[in-house]
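Lettering of chains follows the sequences in order, A, B, ..., and the numbering in each one begins at 1. Worth knowing before you read on, the calculation uses all heavy atoms, side chains too, and leaves out hydrogens, waters and symmetry mates.
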Amino acid sequence: MLKMHKVRKSFRTDTIETHALRDFNLEVKEGEFIAVTGPSGSGKTTFLNIAGLLEAHSGGQYLLDGDDVSGLNDRQRSRLRNEKIGFIFQGFNLIPDLNLFDNIDVPLRYRGFKASERRRRIDKVLQQVGLAARAKYLPSQLSGGQQQRIAIARALAGEPRFLLADEPTGNLDSLMARQVMELLELVNDWGTTIVMVTHDPDLARRAERNIQIVDGQVADLEYHANPAALSA
Amino acid sequence: MLELRPILSALWQSKTAALLIALQLMLTLTIVSNAALFIHNRQEKIARPTGMAEKDILAVNFSALAKNYEMPAAVDADLALIRSIPSVIEATHSHKIPLSGSGESLSLFLEPNANKGGFSASYFYVGAGVTEALGMELIAGRDFKATDVQVGDHTSRNTLNAVIVTQQFARQLYPDAHAVGKYLYTGNNNQPIKIIGIVARNLGPHLHQAMAGNTVFFPQLMVVDGSASMTYLVRSEPGQLQEVFNQLEGKLRVRDPQRIISLRTLEAYKKRSYRADNTTIEVLATVITLLATIIALGILGLTSFWVSQRRKQIGVRRALGASRRAIARYFLIENLMVAGTGIALGLAAAQLANKVLVMYFNQPALPLPLLLGCALILLVISLGAALSPALRAANISPALATRSV
């Protein structure tokens, strides 16, 4: 699904060059649920940005679904993001001016679906996250947990094969965090590959595999034989 | 894919700012279209043909210092001298200068001894060859000959016997008949004045009067007791006016040094007469430019504000699959909706304002093509102003979506 080989990412100012990722190697298989942990500034967000095609890498090879994404132009990267990747952000990142229906509709419009198809998908994901009755609400009228469920619905509406979650429970209390986590596990059970960046070791342990990034490199890989047991 | 409904929803959340810009556009279109109409009419008025070759005509004034000046002899000698200059086509004397704003008018009648129902016209007392000297197109009859010209003053009207009129005036006198050979009369007078020629056009001395174009020429050398002033109208070959100007003053001074001579082109008189119109045009054009600049800055400011306010949102949209082009298009469509609303309101308001101007200020009706043209220009200005912030928005990185600020 995702394969990074000796991926590098550096940021350069006039006087300083910072290496956010150095010879970064990782392979994520179809259907996996991976947690990415690491201290602040270790390169987690940079990894997430590169994996999600939000930023280009400086060197190395990144294969997404077997295709090398190096050298794609903005339009191709945008289309690939839209079709294959779903995003869940720590701050939910719902568009405050749009109601829930329209928020979920945003990536579907960029995909070019007809109105009837968009409506079918939106209704379906709203049902899945249990907020079908609030389609016309504005994000500000929802709790944090509900907003994150809408963000997940938005990510799922395009039926992506790959879900990137950036601290998806970081802004939620423990009850809501657990609900969101259960929803992500359900999504993973449907076959969607999930890569989740988190600071929370308890959440990380619920993933199939835990990757720790330190100084821009994969420092440790920890496998959980039965992640479902941990969540029980 | 166009995002009209989501854009409308987003606009609804910032409706006050959007409404203010729309209202500003409405007012701008109302003022600009009516000001443009005003300018258009003034320009049309200035551009209308005078019926004369004013670019090639000099008006030469002199005042003799000597007492008991022998005017007829002086005029004959001066005109002979002027006509001897190689680039001069023709010259004549005139008691007033066309296009100068200074002139006289009278009423002419179709019947003798009448004093009611006359036709008003500006008049000039001129010499032989006036049509050639002014470059007027003689469309019927003939020009004045030297033998037609009498010497006289304002009291000599009852001895006038020939006149050349403009076509405009001839049509008023005889709408259904050929005017050449017909007779006119000055008021309370039975002296017939024969129409011997018709010229295509001559706006006369007063460019701003409704009767401009009702012009007649009488063959008379105007000699007023106690005054020793005269005007010559001299037409040069095209492009040779400066050369004639340079020669004329010196030659006239040499012929008679005891005179004050001044020369000015007919074009200069025309410019002076239209000075107020030109100033009005400049003021209105400045107002239009200022209003367009203000609206452009307003839209630039508002769109820039919206872009900076929605940086995170733009990053999220990019992360969700929006291309740079889609982001730029979003802001341009948003701007188009605001501008379109303002302009639609402006189209109605401009016509309403014009109706008031027509009703109370005697202004012409606003032609639809002019109004639509102004609307289109404002729309282009609006989109142009939004383009830079829209492109800036398009360059926002999708990685902004994962940043916490």
Side-chain angles (χ1 to χ4, degrees), chain A residues 44-50 52-56 73-99 101-115 118 136 138 140 151 154-155 157-158 160 164 166-167 170-171 197, chain B residues 1-19 302-303 305-335 337-338 390-405:
Chain A
K44 296 190 302 293
T45 301
T46 304
F47 157 70
L48 193 82
N49 286 346
I50 290 171
L53 304 178
L54 303 180
E55 276 183 76
N73 63 26
D74 176 72
R75 204 168 180 177
Q76 291 164 323
R77 292 171 74 86
S78 299
R79 192 188 305 142
L80 212 54
R81 265 200 310 273
N82 182 262
E83 289 176 0
K84 292 196 172 174
I85 306 171
F87 289 95
I88 301 166
F89 305 101
Q90 180 179 4
F92 323 133
N93 283 355
L94 297 176
I95 295 169
D97 303 331
L98 303 181
N99 64 30
F101 185 97
D102 287 337
N103 260 287
I104 299 169
D105 199 20
V106 169
L108 302 182
R109 281 178 178 272
Y110 294 135
R111 187 85 158 262
F113 286 135
K114 286 184 175 170
R118 298 196 326 257
K136 298 295 173 194
L138 286 172
S140 57
R154 181 176 65 184
L164 283 172
D166 182 17
E167 300 277 5
N171 285 0
V197 169
Chain B
M1 176 171 283
L2 294 178
E3 302 177 80
L4 300 182
R5 201 171 51 80
I7 292 174
L8 269 178
S9 300
L11 273 177
W12 186 249
Q13 303 301 318
S14 326
K15 52 185 172 292
T16 308
L19 192 67
L302 183 68
T303 314
F305 173 69
W306 279 343
V307 168
S308 64
Q309 201 184 31
R310 298 187 209 161
R311 281 179 63 80
K312 181 83 174 180
Q313 184 190 129
I314 295 164
V316 172
R317 283 179 181 274
R318 295 275 284 125
L320 296 177
S323 63
R324 287 195 178 109
R325 188 181 290 187
I327 295 294
R329 192 173 54 209
Y330 178 96
F331 281 96
L332 289 178
I333 290 173
E334 185 175 64
N335 179 266
M337 284 179 167
V338 176
L391 292 177
R392 218 164 45 239
N395 280 326
I396 289 174
S397 166
L400 199 69
T402 57
R403 289 182 200 146
S404 53
V405 286

Taking atom CG of Asn395(B) and atom CG of Asp74(A), what is their separation to the nearest 0.5 Å?
9.0 Å
I'd like to verify something: which residue of Arg154(A), Glu167(A), Arg75(A), Arg81(A) has the highest number of heavy-atom pairs under 4.5 Å with chain B?
Arg81(A)
Could you work out, with salt bridge (Lys or Arg N to Asp or Glu O under 4.0 Å) as the rule, every residue matching Asp97(A), not counting sequence neighbours?
none
Of all the residues in residues 315-325 of chain B, which have a heavy atom that comes within less than 4.5 Å of a heavy atom in chain A?
Val316(B), Arg317(B), Arg318(B), Ala319(B), Leu320(B), Gly321(B), Ala322(B), Ser323(B), Arg324(B), Arg325(B)
Looking at side-chain heavy atoms only, is the closest gap between Arg77(A) and Pro398(B) below 4.5 Å?
no
Is chain B contacted by the side chain of Phe92(A), its backbone, both, or neither, given a heavy-atom distance below 4.5 Å?
neither
So which heavy atom on Asn49(A) is nearest to which on Ala399(B), and how close?
ND2-CB, 3.8 Å
Check the surroundings of atom CZ in Arg392(B): do more than 12 heavy atoms from other residues, nucleotides or ligands lie under 6.0 Å from it?
yes
Which bit of Ser397(B) is near chain A, if near means a heavy-atom gap under 4.5 Å: side chain, backbone, both or neither?
side chain
